[in-house]
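Take a look at the structure set out below.
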Amino acid sequence: MIRNNWVLEEIQEIYNTPLLELIYRAATLHREYNDTAEVQVCTLLSIKTGGCSEDCAYCPQAARYNTGVNVQALMQKDEVLKYAQKAKDAGSTRFCMGAAWREVRDNRDFDRVLDMVKGVNELGMEVCCTLGMLTEGQAQKLAEAGLYAYNHNLDTSSEYYNEIITTRTYDDRLQTLDNVRKAGVTVCCGGIIGLGETHEDRIKMLHTLATLPEHPESVPINALVRVKGTPLENNAKVDIWDMVRMIATARILMPATMVRLSAGRTEMSVAEQAMCFMAGANSIFAGDKLLTTPNPTFEEDNTMFELLGLKPREAFKEEKAFSHTH
Ligand code: SAM
Ligand code: DTB
Ligand code: SF4
């Protein structure tokens with residue numbers, strides 16, 4: 001049963017379950033709701049890099065920190081489509097384009113992004129974008145261009161948010177998520193651990209996600225990538241068991257959602273990633289770069305998939321299943 005009425009105490013109790021029991025419960029639900037042999041493979045591309053006006057404390061692309069990221073203007077459509085084709089050939093079924101923008105503006109750059117969305121959709125991939133805040137009208141235009149998903153993370157709890165970002169509010173984030181929903185685009189929304197937040201903050205973030213009117217179709221769980229020059233560069237490395245606990249709790253709260261083992265995989269062994277899949281993760285970012293930081297190569301991931309007996313999930317699976325039964 002999919003529930004949107006979780007109360008904080010229930011989530012606390014799940015999160016604090018002894019680890020092996022928690023993994024077992026999550027794995028059991030995962031089997032009931034999903035094909036556990038399948039992992040969705042998404043590729044990220046930074047279509048506009050760096051020079052961002054925001055002050056997100058974790059982010060290498062904020063203009064105010066010296067992180068060595070080269071600022072790059074919005075890419076050309078043809079170039080983006082080449083990357084998308086390459087990702088498709090390597091087995092990705094979802095292509096996510098990220099821009100270091102605070103928000104979308106109604107200008108020629110946005111028109112170019114709409115063209116990119118059309119192009120990637122025509123390749124038969126699920127298209128996703130993460131472009132910052134959106135109005136309802138902009139979400140509608142993206143939907144008309146064929147956008148399948150929009151990524152917009154809550155990152156942490158509403159209480160801890162101000163410690164990490166001051167240039168926009170939690171409510172701004174929630175408003176964009178609502179605009180995306182209204183446009184009929186699927187929602188991809190999750191967070192980061194390792195920002196210096198407490199367990200309580202993590203539980204509260206999961207509570208917000210699991211009590212949205214509809215669960216996000218995908219929930220990325222990122223481990224902070226500590227980038228030199230950002231205020232969080234000296235944070236402690238995320239403990240693998242914290243990652244596993246977070247993934248397992250997300251899986252129990254939102255059994256039918258894609259839970260993505262997102263940033264941080266280069267610092268995890270295959271055995272550690274296997275624990276995350278066991279605990280209910282069923283999606284990854286593939287390709288040797290996330291937006292600006294390194295990620296395992298396609299070859300390394302293929303080897304891991306073979307070893308663990310995992311296979312990439314096909315594109316538009318939900319829709320295909322729906323059209324067979326209707
Ligand atoms: N500018 C847009 C925005 O902030 O919504 C889109 C791109 S932004 C880079 C997308 C997400 O990447 C952020 O919300 C954050 O969750 C994640 N992210 C950025 N830097 C990260 C880091 N160093 N480690 C882990 N996740 C990170
Ligand atoms: C998400 O939750 N993680 C991705 C994607 N959504 C856009 C981004 C991770 C970025 C890690 C830092 C970087 O490579 O710049
Ligand atoms: Fe800009 Fe997004 Fe990075 Fe924040 S997370 S600094 S909004 S690119």
Side-chain angles (χ1 to χ4, degrees), residues 40 42-65 67-72 74 94-105 113 128-134 149-156 161 164-170 172-177 179-180 187-197 205 209 216 218-235 237-238 243 246-247 250 258-268 281 283-296:
Q40 179 193 49
C42 320
T43 295
L44 276 172
L45 178 68
S46 183
I47 56 170
K48 186 268 164 182
T49 309
C52 184
S53 61
E54 301 298 272
D55 70 350
C56 311
Y58 49 75
C59 188
Q61 303 197 67
R64 63 191 77 200
Y65 315 133
T67 59
V69 165
N70 286 327
V71 178
Q72 268 196 318
L74 186 65
R94 180 177 287 204
F95 191 68
C96 179
M97 299 179 276
W101 285 334
R102 175 176 203 270
E103 73 229 317
V104 166
R105 307 232 170 110
V113 172
C128 176
C129 280
T130 181
L131 314 168
M133 295 186 280
L134 287 185
Y150 195 77
N151 166 254
H152 200 65
N153 291 337
L154 289 176
D155 286 340
T156 190
Y161 199 77
I164 298 298
I165 300 145
T166 68
T167 48
R168 53 176 146 67
T169 67
Y170 214 66
D172 291 333
R173 293 305 266 188
L174 291 167
Q175 185 59 56
T176 292
L177 293 172
N179 293 342
V180 171
V187 172
C188 172
C189 179
I192 312 179
I193 63 172
L195 303 174
E197 74 288 348
M205 179 183 83
L209 292 170
S218 68
V219 172
I221 306 290
N222 296 277
L224 174 71
V225 181
R226 297 165 296 166
V227 179
K228 206 167 174 320
T230 61
L232 304 184
E233 63 172 308
N234 295 320
N235 276 21
K237 179 182 170 207
V238 168
M243 198 67 183
M246 200 66 190
I247 288 171
M258 299 275 196
V259 177
R260 187 169 311 123
L261 168 58
S262 304
R265 290 199 300 120
T266 52
E267 293 199 68
M268 292 177 201
S283 173
I284 57 166
F285 286 122
D288 54 12
K289 220 158 85 173
L290 289 165
L291 291 171
T292 65
T293 64
N295 194 49

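Just follow the structure's listing: the first ligand is 1, and inside any ligand the first atom is 1.
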Exam field: side chain Asn151 to backbone Thr130, donor-acceptor pair closer than 3.5 Å: no
For atom 3 (Fe) of ligand 3, the protein heavy atom that lies nearest, with its residue and separation: Cys59 SG, 2.3 Å
N/O donor-acceptor pair under 3.5 Å between Asn153 side chain and Gly191 backbone: no
Residue and atom name of the nearest protein heavy atom (relative to atom 24 (N) of ligand 1), distance in Å to one decimal: Val225 N, 3.0 Å
For ligand 1, the portion of Asp155 having any non-hydrogen atom under 4.0 Å away: side chain
Backbone of Leu195 reached by a side-chain donor or acceptor of Glu197 within 3.5 Å: yes
Identity and separation of the nearest protein heavy atom to atom 1 (N) of ligand 1: Trp101 O, 3.1 Å
Any donor-acceptor pair under 3.5 Å from Asn222 side chain to Ala263 backbone: yes
Side-chain donor or acceptor of Arg102 paired with backbone N/O of Thr167 under 3.5 Å: yes
Shortest protein heavy-atom distance from atom 5 (O) of ligand 1, along with the residue and atom involved: Arg173 NH2, 3.1 Å
Gap separating the CZ atom of Arg94 from the CD atom of Gln40, nearest 0.5 angstrom: 4.5 Å
Gln61-ligand 1 polar pair, N/O distance under 3.5 Å: no
Leu290 backbone acceptor or donor facing Asn295 side chain under 3.5 Å: no
Nearest neighbour in protein (non-hydrogen) for atom 12 (O) of ligand 1: Asn153 ND2, 4.5 Å
Residue pair Ile284 / Arg265: nearest heavy atoms and the distance that separates them: CD1-NH2, 3.8 Å
Part of Arg168 with heavy atoms under 4.0 Å of ligand 1, whether side chain, backbone, both or neither: side chain
Inter-residue atom distance Cys128.SG - Met97.CE, 0.5 Å rounding: 8.5 Å
Shortest protein heavy-atom distance from atom 1 (Fe) of ligand 3, along with the residue and atom involved: Cys52 SG, 2.3 Å
Donor-acceptor contact present, side-chain Arg226 to main-chain Asn235, <3.5 Å: yes
Numbered atoms of ligand 3 (with element) below 4.0 Å of Ala100, judged on heavy atoms: 8 (S)
Enumerated ligand 1 atoms positioned under 4.0 Å from heavy atoms of Ala223: 25 (C)
N/O to N/O under 3.5 Å, ligand 2 against protein:
{"from": "ligand 2", "atom 1": "2 (O)", "to": "Asn153", "atom 2": "ND2", "distance (Å)": "2.9"}
{"from": "ligand 2", "atom 1": "2 (O)", "to": "Asn222", "atom 2": "ND2", "distance (Å)": "2.8"}
{"from": "ligand 2", "atom 1": "3 (N)", "to": "Asn222", "atom 2": "OD1", "distance (Å)": "2.9"}
{"from": "ligand 2", "atom 1": "6 (N)", "to": "Asn151", "atom 2": "OD1", "distance (Å)": "3.4"}
{"from": "ligand 2", "atom 1": "14 (O)", "to": "Leu291", "atom 2": "N", "distance (Å)": "3.0"}
{"from": "ligand 2", "atom 1": "14 (O)", "to": "Thr292", "atom 2": "N", "distance (Å)": "2.9"}
{"from": "ligand 2", "atom 1": "14 (O)", "to": "Thr293", "atom 2": "N", "distance (Å)": "2.9"}
{"from": "ligand 2", "atom 1": "14 (O)", "to": "Thr293", "atom 2": "OG1", "distance (Å)": "2.8"}
{"from": "ligand 2", "atom 1": "15 (O)", "to": "Thr292", "atom 2": "N", "distance (Å)": "3.2"}
{"from": "ligand 2", "atom 1": "15 (O)", "to": "Thr292", "atom 2": "OG1", "distance (Å)": "2.7"}

Donor-acceptor side-chain pairing of Asn179 and Thr176 below 3.5 angstrom: no
Polar side chain donor-acceptor pair, Asp155 to Tyr58, under 3.5 angstrom: yes
Heavy-atom gap Ala99 to ligand 1 smaller than 4.0 Å: yes
Beyond-backbone contact of Leu261 with Met268, side-chain heavy atoms, under 4.5 angstrom: yes
Proximity of Leu291 to ligand 1 by residue part, where a heavy atom lies under 4.0 Å: side chain
Atom pair CG/OG1 of Leu291 and Thr49 - distance to nearest 0.5 Å: 7.5 Å
Closest protein heavy atom to atom 2 (C) of ligand 1, given as residue, atom name and distance to 0.1 Å: Gly132 N, 3.6 Å
Residue, atom name and distance, where the atom is the protein heavy atom closest to atom 4 (Fe) of ligand 3: Cys56 SG, 2.3 Å
Gap separating the SG atom of Cys59 from the CZ atom of Arg64, nearest 0.5 angstrom: 11.0 Å
Distance from atom 6 (C) of ligand 1 to nearest protein heavy atom, with residue and atom: Thr130 OG1, 3.1 Å
Distance from atom 21 (C) of ligand 1 to nearest protein heavy atom, with residue and atom: Tyr58 CD1, 3.7 Å
Proximity of Ser262 to ligand 1 by residue part, where a heavy atom lies under 4.0 Å: neither
Nearest-contact summary for atom 26 (N) of ligand 1 - protein heavy atom, Å: Ile192 CD1, 3.6 Å
Point-to-point distance, once rounded to the nearest 0.5 Å, from SG of Cys56 to OH of Tyr65: 7.0 Å
Closest protein heavy atom to atom 2 (Fe) of ligand 3, given as residue, atom name and distance to 0.1 Å: Arg168 NH2, 4.3 Å
Residue Tyr58 vicinity, atoms of ligand 3 by number, heavy atom under 4.0 Å: 5 (S)
